[in-house]
Structures are given as structure tokens and as C-alpha cells.
Amino acid sequence: MVNFRGRILNSFIIFTSGIFLLLSFAIANLSIGAMEREQFESYVTQLELVSRAVDPETEQLQSALTWYKEYIDGEISYITKEGEVSATTFEKPPFTNQDLFSPSDHVERVERDDRVDFVLTLSPGQPSSDYLVISTEKRKLTNEVRRYWIPILLTILVSYALLIAVTFRLTGKLAKPVDDAMRVAKELARGNFKARTHEYQLKETGELNHSLNILARNLEQITELRESEQERMSTVIENMDSGLLLIDSKGYINLMNRAYKTIFGIDSKAWNDKLYHEIIPNKDVIGLVDEAFLTESTVRKQVTLSIGIDRKHFHITCVPILGHKDKIKGIVLVFHDITELKNLEQMRKDFVANVSHELRTPVTSLKGFTETLLDGAMESKELRKKFLTIIWKESDRLQNLIQDLLEFTKMEQSNFQLNWQSINLETIVNDTVTLLEPSAEEKQIKVFVELEGDLRIEGDSARLKQILINLLNNAFSYTPNGGTVWITGKDDHEKVYLEVKDTGIGINEDEIPRVFERFYRVDKARSRNSGGTGLGLAIVKHLVEAHKGQVKVTSKKDVGTTFTLAFFKMRQD
């Protein structure tokens with residue numbers, strides 16, 4: 001693209017070239033005409049001088065013409081009215097007859113093939129006359145004109161060259177600042193606010209470039225300030241613990257922070273060009289957004305959501321964004337996770353009730369049977385043995401409950417650590433199955449073990465064994481006599497998967513998210529009669545997460561339950 005200077009220069013050169021061309025033609029015509037007139041007048045003067053000085057009646061005519069030839073430009077001839085050449089300086093006169101000339105009141109110019117004749121009628125006004133003729137070569141006249149025309153042409157060319165040089169210099173001084181200003185303006189339009197232009201000394205263009213530099217500096221400062229504020233705002237939004245959604249006035253999601261994606265497991269690009277009711281997983285939350293759009297006022301509510309196997313509690317705030325004339329422009333939706341607060345609050349409420357309830361049954365049994373023995377039942381050998389057996393079982397159950405409580409409390413402490421080592425899950429599975437084989441045989445439960453691939457991982461062997469014992473005890477407790485339990489393991493590149501599947505009573509779909517809560521029982525009577533403490537699955541979940549693994553449960557009522565464990569082969573920091 002031609003710059004501003006180039007456009008001015010091209011236009012000026014075209015314009016001046018046209019003007020110079022026209023002037024050249026005009027000067028050429030004028031100068032050539034003037035020089036021809038000057039030549040003609042010179043020959044007229046010469047003819048008149050010679051005509052006055054020569055006398056055709058004398059014998060010295062030839063010598064007179066020969067003498068005058070030295071002072072005039074050309075050959076001189078004297079022709080009589082009969083057409084005869086009386087005298088001439090030609091060696092061979094070119095004239096043939098008198099009809100070539102005719103009487104005239106003024107000098108005539110007659111052009112021939114290679115020469116020009118200037119003819120003076122000596123007896124003007126008469127039917128016939130003698131003639132005095134000066135002849136010269138046409139080439140000589142042309143050379144003479146050219147000799148005068150070349151300096152004129154050179155002058156024109158030099159003047160044109162000087163004008164072009166001055167034009168280059170002036171357009172450089174005038175147009176270069178404009179070109180620089182245009183370049184900087186384009187850079188500013190592209191977003192490069194660091195672009196600057198040279199400030200020239202010429203007043204008008206200097207002020208333009210100075211003002212443009214001030215504009216660029218101001219834009220750079222404003223942009224840096226805006227980017228800094230945007231970066232700080234983005235950092236705050238992305239690193240806040242609460243999930244945040246920004247919904248525009250049409251219901252499309254414009255912003256989703258990292259916390260929300262992490263909480264609900266949303267892919268980083270899955271929310272693009274999606275409406276809020278396509279992304280938000282809960283109808284209650286969608287209802288809050290709808291209410292905020294309708295009322296254009298802030299709406300707050302506490303909601304419990306099921307996310308995977310977890311149930312989480314959120315304090316949700318919907319704040320409308322109001323623009324000009326209070327017209328709604330969107331909704332800011334904040335999900336504040338209060339699960340820990342709720343859990344702590346619920347734990348404070350449930351701990352005493354659960355523990356006292358769990359402790360009350362064995363303590364009541366111990367107290368009741370002890371009183372019965374003291375009241376005289378120990379005199380009967382049969383009753384004494386029966387009651388002491390019951391006391392022993394209740395004491396064992398009480399000991400297991402206290403042990404699980406202590407174990408769980410220990411795992412929740414900040415200094416809890418695993419004893420990391422390289423282990424083979426196949427060995428852990430086989431040892432655990434052998435250890436619990438009597439419990440399976442007591443209920444005639446068949447245990448099948450299917451292990452494939454390399455099951456070596458880094459972990460705590462004692463804790464992994466504890467996980468498997470709790471899962472198998474849970475399966476044996478909720479599987480009827482004659483049922484079946486499968487233990488399967490497989491290698492999947494970076495992870496190892498273990499499954500414990502039974503044909504037990506199963507779990508209702510609405511109870512699945514709660515099976516890992518402390519003291520929660522699917523079948524309270526069966527669990528209590530089997531000696532369960534209600535803490536086994538909570539311990540399993542805590543230990544699996546300590547290994548950076550995952551535990552999932554799928555179940556169908558009266559069909560069976562499957563617990564799936566996933567462990568990384570290498571230790572995850």
C-alpha cells in the first residue's frame with residue numbers, strides 16, 4: 001500500500017510533469033517562431049544592404065557580390081527580369097528560369113529540396129523585375145535553431161529536476177510526520193499501545209505527533225490499569241473457594257470459575273454456549289435463578305446436592321446485575337460449600353445420640369444380665385453359662401465399637417500418616433479371604449477370587465487389609481445364608497481396580513449417598529445383631545482417600561451391592 005507521502009509525491013509529479021510538458025510545447029513553439037522570424041529579418045536586412053550597395057549596370061557586380069558573401073550567411077545571386085543570372089557566388093547556379101520568382105512588395109522565403117532562398121524584388125510594383133537572392137542550406141538554418149533551442153531545453157530539464165528534488169524534500173518534511181502518525185494510529189488500533197512517533201519540529205505536524213504520543217501513553221496507562229484490574233479480578237474469582245457462575249440476561253453462562261468446575265466435575269469447555277438450566281444439575285437451584293430473574297432481587301437458600309457418592313450442602317446466593325434504568329443484565333450465582341459446617345453441626349448433634357445409643361444396648365445388656373445373675377440366676381449352671389456368654393458377646397461388641405471410634409478419631413487427626421511401601425494386592429486379598437473364611441463358612445457363603453494382571457501398588461498394607469476386611473465383613477453381614485461374594489481385581493495401566501460384589505439385600509437408591517456416613521445402617525436390626533458398629537464403611541472411605549484412591553458403590557434392592565476401589569500404582573503426592 002502506497003503511503004501518504006507516496007500519494008502526495010505521485011500526484012504532484014503527475015501534475016508538474018503535465019504543466020512542464022505544456023510549457024515545453026509552448027516555449028518550443030514560441031522560441032522556434034521567434035528564431036525563424038529573427039533569421040528572416042536578418043536576411044531581409046542583408047538583402048536591403050546589398051541591394052543598395054550594388055549596381056547592376058557596372059562590371060564590378062560579380063566582385064561586389066563576392067565581397068559581400070564574406071559578411072552574409074549564404075550564397076548571393078543577381079537575377080535579371082529575363083531570368084538570367086547576372087552574377088552569383090555559386091559555382092553552379094541552381095536557378096533555371098525566371099518563373100521561379102514573381103515580383104513582390106516584400107522579401108519572400110522560398111523553400112527548395114535542400115536549401116532556402118530569400119528573394120528581394122528590386123522593382124516592386126512592376127510586371128517584371130530584377131531579383132537579389134540569398135540562398136542558404138536548410139540544414140544550416142535548422143542547426144542554428146537547434147543551437148539556440150538546446151540551452152532552452154536543458155534549462156527546462158534542470159528546472160524540472162530541481163523542482164522534483166525540492167518536491168521530494170518538501171513532501172518528506174510534510175508527509176513523513178503524517179505517515180508516522182498513520183503508522184502509530186494503526187498500531188494503536190491493533191492494540192499495541194507502546195507504539196510512539198517522532199515529534200517533528202514543524203509546528204502543525206509536530207503538534208499532531210505530540211498529541212498522538214500523549215494519546216498512546218494515556219491508552220497504554222488505561223490498558224495496563226484495566227488489565228491489572230482484570231487480572232486481579234480473574235485471580236480472585238478463579239481462586240475463591242466458592243463456586244461462581246455468571247449468567248447473562250438471555251440465560252447463557254458467560255463465566256464459570258475453577259471451584260465450580262471442581263465441585264461439580266464439569267469439563268473446562270462443556271459450558272460454552274450453554275443455558276444455565278442445561279448446566280446446573282439441580283431443579284431447586286434452577287428455581288432460585290428463575291426467581292431472581294422474575295423478582296430482580298437477591299435470593300438466598302441452603303440446598304443439599306448429591307455429587308457422586310457424596311452429599312454436599314451449599315449456601316446459594318443469586319444476585320441480579322442491574323444496568324441502566326434498573327434493567328437486568330444478568331445473574332451472579334455463588335455456591336458457598338458449607339458441607340463441613342453442616343457435618344460438624346450434625347456431628348455435634350448426632351455424636352452423643354449415636355454413641356450413647358450404640359453404647360446403651362451393650363451396657364444395658366451387661367447391667368441386666370449381671371443383675372439377673374446377682375439375683376440368684378448364677379446358682380443355675382445352665383443360666384450362668386448362657387448369661388456369661390451374652391455378657392462376653394456384648395463386651396466384645398462394646399470393645400469393637402470403642403476400638404472403631406478410637407481408630408476413626410486417629411485417622412481424622414492431622415498427624416495421621418500411612419506406612420508407604422510396595423505391596424501386591426493379590427497377597428492382601430488372599431490373606432484376607434483366608435482370615436475371614438470361618439465367617440463365610442458359618443453362613444455357607446461362597447467366596448470367589450478373580451485377579452488379573454500386575455496388582456502391585458504403593459500403599460499401606462495394614463490399612464489396605466483393614467479396608468478389605470471391612471468390605472468383606474459388610475458383605476457377609478448383609479448377604480443371606482448360601483449367598484455368594486466375588487472379589488475381582490484388574491490392572492488398568494496407571495491404576496488397579498478391586499471390586500467386592502455380593503448377592504445381599506442391596507441398598508435403596510436414595511440411601512446410596514449416605515452409606516459412608518458414620519453410624520448409618522441400611523438395615524439397623526441386621527447390623528446390630530451381627531455386631532456391626534456403623535463405622536466400617538466410613539473407615540473404608542477415609543482410608544481409600546488417604547491413598548489418593550476412589551471408592552464407588554452400585555446397588556440394586558434385593559439383588560446385591562458392588563463396591564469398586566481404584567488405586568494408583570505409584571504414590572500420588
Side-chain angles (χ1 to χ4, degrees), residues 262-265 304-313 337 339-344 346-347 350-351 354-355 358 400-401 403-414 416-420 425 428-429 432 457-478 485 487 489 495-502 504 506-524 527 532-555 560-568 571-572:
T262 302
I263 292 171
F264 295 100
T304 302
L305 303 177
S306 296
I307 303 174
I309 62 174
D310 297 324
R311 288 170 61 85
K312 292 193 175 184
H313 303 273
D337 191 352
T339 303
E340 292 187 6
L341 296 176
K342 281 287 185 180
N343 290 341
L344 289 174
Q346 190 64 34
M347 284 176 62
D350 295 345
F351 183 75
N354 287 329
V355 174
E358 296 297 331
N400 290 336
L401 177 60
Q403 182 63 32
D404 282 348
L405 283 172
L406 291 174
E407 186 70 25
F408 200 83
T409 302
K410 180 180 178 182
M411 286 188 297
E412 287 191 327
Q413 292 177 354
S414 60
F416 173 74
Q417 293 181 348
L418 297 175
N419 182 20
W420 292 92
L425 286 180
I428 300 293
V429 171
T432 305
I457 66 170
E458 289 188 5
D460 189 327
S461 60
R463 296 300 182 181
L464 290 170
K465 191 172 184 179
Q466 184 180 3
I467 291 171
L468 200 56
I469 290 173
N470 283 342
L471 290 177
L472 288 176
N473 279 332
N474 190 72
F476 294 158
S477 297
Y478 290 97
V485 174
I487 304 172
K495 291 184 178 181
V496 169
Y497 291 90
L498 280 181
E499 283 188 357
V500 177
K501 181 179 179 182
D502 61 52
I507 308 171
N508 290 328
E509 186 176 352
D510 59 339
E511 291 183 302
I512 290 177
R514 300 193 62 191
V515 296
F516 292 101
E517 294 180 6
R518 296 170 235 192
F519 300 110
Y520 184 81
R521 291 187 176 89
V522 175
D523 187 335
K524 296 178 176 57
S527 177
T533 63
L535 293 173
L537 291 180
I539 293 174
V540 167
K541 182 174 182 292
H542 197 94
L543 289 176
V544 170
E545 291 179 347
H547 282 83
K548 306 299 182 183
Q550 293 178 327
V551 56
K552 296 181 180 179
V553 57
T554 57
S555 183
T561 303
T562 301
F563 287 89
T564 303
L565 309 177
F567 297 100
F568 286 99
R571 179 177 177 178
Q572 303 295 309

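Just the heavy atoms: all of them, side chains too, but no hydrogens, waters or symmetry mates, feed the values below.
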(message) Nearest 0.5 angstrom please: I487 CD1 to L468 CG, how far?
(response) 5.5 Å
(request) Any chance you could measure D502, atom CG, to S555, atom OG, to the nearest 0.5 Å? (result) 7.5 Å
(request) For the residue pair V540 and F563, establish whether any side-chain heavy-atom pair is separated by less than 4.5 Å. (result) no
(request) Mind listing the closest non-hydrogen atom pair of K465 and T432 along with its distance? (result) CG-OG1, 3.6 Å
(request) Search all heavy atoms of I457 against all heavy atoms of F568 and return the closest pair with its distance. (result) CB-O, 3.8 Å
(message) For a quick test of reading the model, state the closest non-hydrogen atom pair linking H313 to T339 and the distance between them.
(response) N-OG1, 2.8 Å
(message) Within a 6.0 Å radius of atom CD on E340, are there more than 12 heavy atoms belonging to other residues, nucleotides or ligands?
(response) no
(request) Drop me the distance from T554's OG1 to I512's CD1, to the nearest 0.5 angstrom. (result) 7.5 Å
(message) I need the minimum non-hydrogen distance between E458 and W420, along with the two atoms involved.
(response) O-CZ3, 3.2 Å
(message) Applying salt bridge (charged side-chain N to carboxylate O under 4.0 Å, His left out) as the test, list every pair that has at least one member in residues 543-555; sequence neighbours left out.
(response) K541-E545
(request) Kindly write out the residues that satisfy side-chain contact (heavy atoms from CB on, under 4.5 Å) with D460, not counting sequence neighbours, or none if the list is empty. (result) L418, N419, A462, R463, H547
(message) Let me confirm one number: the CG-CG distance from L471 to L498, rounded to the nearest 0.5 Å.
(response) 9.5 Å
(request) Starting at CG of N474, measure out to CD1 of I469 and round the result to the nearest 0.5 Å. (result) 13.5 Å
(request) Supply the atom-to-atom distance I467 CD1 to L543 CG, rounded to the nearest 0.5 angstrom. (result) 4.5 Å
(request) Identify the heavy atoms of V485 and A475 that sit nearest to each other, and give their distance. (result) CG2-CB, 4.1 Å
(request) Show the numbers, then the answer: is there a side-chain contact (heavy atoms from CB on, under 4.5 Å) between L305 and K312? (result) CA-CA 5 Å; L305 303 177; K312 292 193 175 184; 5.5 Å; no
(request) Indicate the atoms forming the closest heavy-atom contact of Y497 with A566, along with that distance. (result) CE2-CB, 3.5 Å
